[in-house]
Amino acid sequence: WPYCRKRCSYCNFNTYVVPAVDEAAVRACLVREVQTLLRLSQVHSVSSVFFGGGTPSLASPGTVAAVLEAVAVAAHLPAGAEVTLEANPSSASTSRLAGFKAAGVNRLSVGVQSVDDAELRILGREHTAAEARKAVEAARGLFPGRTSIDLLFGLPGQSRDAWAQRLEVALGLCDSHISLYQLTLERGTALAAQVRRGALPTPTQDLLADMYQTARTVLVAAGFRHYEVSNFARKGALSTHNLSYWRADQYIGVGPGAHGRFVPRGEGGHSREARVQTLEPVAWMREVQSQGHGTRSRAVLSPLEQLEELLALGLRTDEGITHERWGHFSPQLSLQAVFGAPGEARALQQQGWLVLDSGGLRCTWAGLAVLDSLLPDLLWQLQR
Amino acid sequence: QEKLDISTYPVESIRNFSIIAHVDHGKSTLADRLLEITGTISKTDRNKQVLDKLQVERERGITVKAQSASLFYNHEGINYLLNLIDTPGHVDFSYEVSRSLSACQGVILVVDANEGIQAQTVANFYLAFEAQLSIIPVINKIDLKNADPERVEKQIEKLFDIPTDECIRISAKQGTNVEKVLQKVIEKIPPPQCNTADPLKALVFDSTFDHYRGVIANIALFGGEIAKGHKIVSAHTKKRYEVNEVGILTPDEQPTHKLYAGQVGYLIAGMKEVAEAQIGDTLFLYKQPVEPLPGFKSAKPMVFAGMYPIDQTEYNNLKSALERLTLNDSSVTVHRDSSLALGAGWRLGFLGLLHMEVFNQRLEQEYNMSVILTAPTVPYKAVLSSAKLIKEYGKDQITIINPAQFPDKLSVSEYLEPTVLGTIVTPHEYIGKIITLCQDRRAVQKDMLYIDENRVMLKYLFPLNEIVVDFYDALKSLSSGYASFDYEDAGYQSADLIKMDILLNGNPVEELATIIHNDKAYAAGKLLCERLKETIPRQLFEIAIQAAIGKKIIARETLKAYRKNVVAKCYGGDITRRMKLLKRQAEGKRLMRKIGNVEVPRDAFIRVLKRETDK
């Protein structure tokens with residue numbers, strides 16, 4: 001759902017703030033594109049659905065229901081499939097959320113971002129900390145054990161102590177899943193401009209490293225499993241949908257700016273493609289209406305490129321890349337063959353950043369935090 | 001083009017003059033106005049800096065090359081031929097100014113009505129005064145709000161001893177009183193004292209290179225006449241040429257049948273390089289040699305820099321660009337040089353910092369070349385004491401260009417560094433600061449005396465390497481431009497030289513080793529370490545960056561390890577972008593230099609060795 005009521009100061013997503021949305025038209029296009037792409041992929045069964053954006057909670061439950069219906073008809077949507085909706089606290093009242101639940105949503109991700117009002121203002125959020133708390137409570141009521149919250153750390157001017165306090169508060173209100181992101185100042189955002197101007201201070205690399213380590217330690221102590229660079233879950237509440245990205249499963253992106261990775265068997269394709277839908281909603285709708293889908297670009301991924309993606313994404317998880325998973329993409333060349341011989345991977349193992357064993361290839365606790373320093377070496381080794 | 005006949009202008013009707021002034025006081029604008037009034041160019045709004053032909057001149061609003069123009073003007077019934085020689089206003093080009101002046105009998109000295117007398121006003125005044133030229137003081141920009149011509153007139157009277165009533169107040173921009181200036185030129189400046197009956201004697205005061213016609217030399221005739229077909233000789237190169245064309249500049253070339261004594265114009269004679277028509281040279285007729293005009297000297301560079309192509313594959317392109325640029329600028333000295341880190345390149349000498357900047361800008365604009373400028377090298381020497389090395393080199397004294405060749409203290413009885421004897425002329429109020437500057441550059445005072453009640457001359461013996469980079473600029477800066485500097489080679493002196501190594505986690509980086517005087521080692525080492533710290537990317541372990549002399553560490557910076565380096569979000573659209581970036585980094589790994597276990601990008605060295613452009 002590519003629409004928001006306002007743009008947050010740090011946001012650089014493909015989202016639009018418009019005075020009015022022709023929901024019926026958008027709904028019809030989403031449905032149409034779902035049908036077209038499912039047919040194109042010849043997928044039999046859909047394991048998870050994720051409503052992202054923008055602010056999906058601004059759409060009506062009717063739209064959510066229509067899309068899920070379309071999925072169920074064009075393919076098979078098992079009863080236990082994970083259906084997540086992202087919600088902004090300012091459009092997450094109990095009644096509204098109940099509507100979504102009735103439409104088929106069974107997991108909710110609440111965009112809390114911060115539990116402090118002053119910080120929320122810096123971020124340009126639409127809600128207060130109190131409103132966020134209420135939204136999380138409402139969500140937990142309707143989706144117990146299946147509610148996640150998004151949190152940011154490393155805000156300009158945030159101190160170690162302040163962050164430690166936020167963590168405490170967040171732990172007090174969260175359910176079983178937390179997505180914890182270091183704030184990245186993206187070029188072109190209002191927040192980045194403020195920092196560049198000197199109106200707000202830049203946090204140092206050391207401070208950010210400390211905050212991350214603190215968060216990991218505190219959350220693990222509270223029973224969470226740090227299963228991906230930025231994602232924590234307890235009581236088994238991992239996000240199935242996101243795991244499929246990092247395991248390089250197939251996924252279909254529907255809607256303006258959505259991304260996909262699948263094999264278009266429906267038109268005789270044999271290779272996995274990287275696909276992006278048209279970014280601008282009006283243009284996207286026109287294309288969907290005339291051609292059934294608004295795919296702006298598609299590129300076949302070579303076997304090497306697929307492996308590279310698997311490597312870069314798989315290592316983000318604590319499980320890493322299993323031998324089986326690797327073998328699926330590289331039947332000839334095993335993990336051991338590529339990374340077991342003397343070379344970069346062996347050196348990184350000796351330095352304590354990586355592990356290669358019967359379980360596969362994965363980062364150590366310390367290695368996960370510096371993954372982007374390890375990847376260029378590993379990619380280079382893989383390319384050779 | 002039909003040829004002009006200027007034999008109708010007797011010597012008494014000729015006036016050769018120049019306009020001199022401090023930067024931006026309005027020289028070129030006044031020249032524009034004079035050209036307009038005399039009908040040499042038509043009066044339009046677009047006449048701005050007409051005589052400034054180079055793109056870089058027009059952009060920066062400065063005159064780099066001297067041009068000239070011949071103007072025709074009728075005053076009280078008589079037709080006059082007025083030769084205006086536009087001069088560079090910048091201190092870097094004072095030699096060009098002095099040569100242009102030797103072709104004149106008078107100058108218009110322009111002073112800004114608000115700024116008053118400035119450094120170049122004084123310097124140029126002295127040049128004109130010493131050449132015994134008539135001086136017409138003109139106060140310009142009287143149209144501006146802050147103009148105070150009365151104050152400036154008093155300054156002129158006090159400093160130059162010229163009565164206030166001789167000053168003409170003008171606005172070159174608006175044209176106010178400019179005609180009066182022309183009339184004063186005719187009245188006050190004497191005609192040239194020379195005879196067409198004498199043998200040919202022509203001064204070259206500038207030259208340009210034209211791809212179709214060859215070298216075009218700007219000349220002023222001190223005697224005789226010159227025409228197509230004449231055979232002439234250069235006093236400096238002794239080479240012989242046949243004249244193809246002569247003419248005057250209006251300001252474009254206008255061929256004439258002949259040029260006569262007292263006149264100023266141009267000559268084309270089959271010369272292939274501007275080095276064949278050097279500024280200050282004398283030309284005479286074959287078999288009729290004359291006493292060469294005094295004051296000729298080869299350009300003396302004041303600022304040096306190493307110049308290297310960004311990539312060695314560009315070497316040949318840069319080589320030809322340099323050859324072509326120096327075709328039109330014989331005051332740049334060029335020597336081949338090389339560096340371990342940057343490959344093959346050159347050591348260039350410039351008349352000053354502005355000259356270097358303009359040269360660099362012309363390289364970029366006219367030849368589309370980007371280069372790396374570094375601090376230059378000087379040739380050190382060592383007197384060997386080790387029998388083994390003496391045998392190896394075949395002599396007991398060697399010249400060291402490359403730090404890698406630096407022989408150890410134990411094998412050497414003496415190290416030597418090149419020195420120069422520098423002469424500084426300055427108003428006395430800057431003496432203190434200048435003495436401090438010289439001491440800071442390891443110079444030894446050899447002489448100091450007052451040349452008049454305001455100015456002092458200082459002579460210092462400098463190690464060459466202390467002045468090659470920014471001494472000149474520093475001198476100008478702390479004297480508000482009033483101090484002048486000249487130097488000559490003074491041989492070698494004993495020096496406490498050492499080789500300074502740069503280490504990364506204990507491993508030496510060959511490319512960054514430098515030969516330096518012991519006294520300066522700490523400061524230089526610290527600076528290099530700091531710069532390296534900023535250019536080497538962080539890695540998974542701590543990096544110790546050190547400067548060392550032999551085993552002794554003299555400076556150190558620490559680059560801390562990465563503790564967190566992983567992108568926070570990686571879903572959907574992020575993935576493609578991420579992969580692109582990662583793959584670029586993987587590519588970059590291939591180009592990394594590995595020093596021990598430290599990965600250093602190739603351009604880190606370049607960034608560290610580059611000269612500072614903080615001016």
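To find a chain, count down the sequence lines: A is the first, B the second, and so on, and within it residues start at 1. This structure is a prediction, so every number in the text was calculated from the model and none was measured.
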Engineer: Which residues in residues 209-218 of chain A have any heavy atom closer than 4.5 Å to a heavy atom of chain B?
Structural biologist: A:Ala209, A:Asp210, A:Tyr212
Engineer: Write down the atom of A:Ser230, the atom of B:Ala568, and the distance for their closest heavy-atom approach.
Structural biologist: OG-O, 2.6 Å
Engineer: Specify which of A:Gln381, A:Glu309, A:Gln351, A:Arg316 makes the most heavy-atom pairs with chain B at under 4.5 Å.
Structural biologist: A:Arg316
Engineer: Which bit of A:Phe50 is near chain B, if near means a heavy-atom gap under 4.5 Å: side chain, backbone, both or neither?
Structural biologist: neither
Engineer: With a 4.5 Å limit on heavy-atom distance, are the side chains of B:Leu540 and A:Leu348 in contact?
Structural biologist: yes
Engineer: At a heavy-atom separation under 4.5 Å, does A:Gln383 approach chain B through its side chain, its backbone, both, or neither?
Structural biologist: side chain
Engineer: Does A:Phe329, at its CZ atom, have more than 12 non-hydrogen atoms belonging to other residues, nucleotides or ligands within less than 6.0 Å?
Structural biologist: yes
Engineer: Do B:Lys560 and A:Gln205 get their side chains close enough for a donor-acceptor pair, meaning under 3.5 Å?
Structural biologist: no
Engineer: Step through the shown structure and confirm whether more than 12 heavy atoms of other residues, nucleotides or ligands are within 6.0 Å of OH on A:Tyr181.
Structural biologist: yes
Engineer: Pair A:Glu308, B:Leu582 - check side chain to side chain contact (heavy atoms under 4.5 Å, CB included), show working.
Structural biologist: CA-CA 10 Å; A:Glu308 286 171 342; B:Leu582 282 171; over 6 Å; no
Engineer: Using heavy-atom distances under 4.5 Å, tell me whether A:Leu279 contacts chain B through its side chain, its backbone, both, or neither.
Structural biologist: neither
Engineer: Would you mind checking which part of A:Leu374 comes under 4.5 Å of any heavy atom in chain B, side chain (CB onward), backbone (N, CA, C, O), both or neither?
Structural biologist: side chain
Engineer: Measuring from A:Leu379:CG to B:Lys583:NZ, what's the distance to the nearest 0.5 Å?
Structural biologist: 8.0 Å
Engineer: With chain A, which of B:Arg563, B:Glu587, B:Gln539 has the greatest number of heavy-atom pairs at distances under 4.5 Å?
Structural biologist: B:Arg563
Engineer: Could you tell me which of B:Arg538, B:Met579, B:Gln585 has the largest number of non-hydrogen atom pairs under 4.5 Å with chain A?
Structural biologist: B:Met579
Engineer: Report which part of A:Leu371 has an atom under 4.5 Å of a heavy atom belonging to chain B: side chain, backbone, both, or neither.
Structural biologist: both
Engineer: In terms of heavy-atom contacts, does NZ of B:Lys520 have more than 12 from other residues, nucleotides or ligands at under 6.0 Å?
Structural biologist: yes
Engineer: In terms of heavy-atom contacts, does CZ of A:Arg187 have more than 12 from other residues, nucleotides or ligands at under 6.0 Å?
Structural biologist: no
Engineer: Counting only non-hydrogen atoms closer than 4.5 Å, does A:Asp377 touch chain B with its backbone (N, CA, C, O), its side chain (CB onward), both, or neither?
Structural biologist: both
Engineer: For residues B:Arg578 and A:Asp372, determine if any side-chain heavy atom of one lies less than 4.5 Å from a side-chain heavy atom of the other.
Structural biologist: yes
Engineer: Only heavy atoms, only distances under 4.5 angstrom. Which residues in residues 363-370 of chain A are near chain B?
Structural biologist: A:Leu368, A:Ala369, A:Val370
Engineer: Give, as side chain, backbone, both or neither, the part of B:Arg584 having an atom under 4.5 angstrom from any heavy atom of chain A.
Structural biologist: neither
Engineer: Most heavy-atom pairs under 4.5 angstrom with chain B, which of A:Leu208, A:Leu313, A:Thr184, A:Leu375?
Structural biologist: A:Leu313
Engineer: How long is the gap from NZ on B:Lys569 to CG on A:Asn231, to the nearest 0.5 Å?
Structural biologist: 9.5 Å
Engineer: Decide yes or no for A:His259 and B:Thr576: does some side-chain heavy atom of the first lie under 4.5 Å from some side-chain heavy atom of the second?
Structural biologist: yes
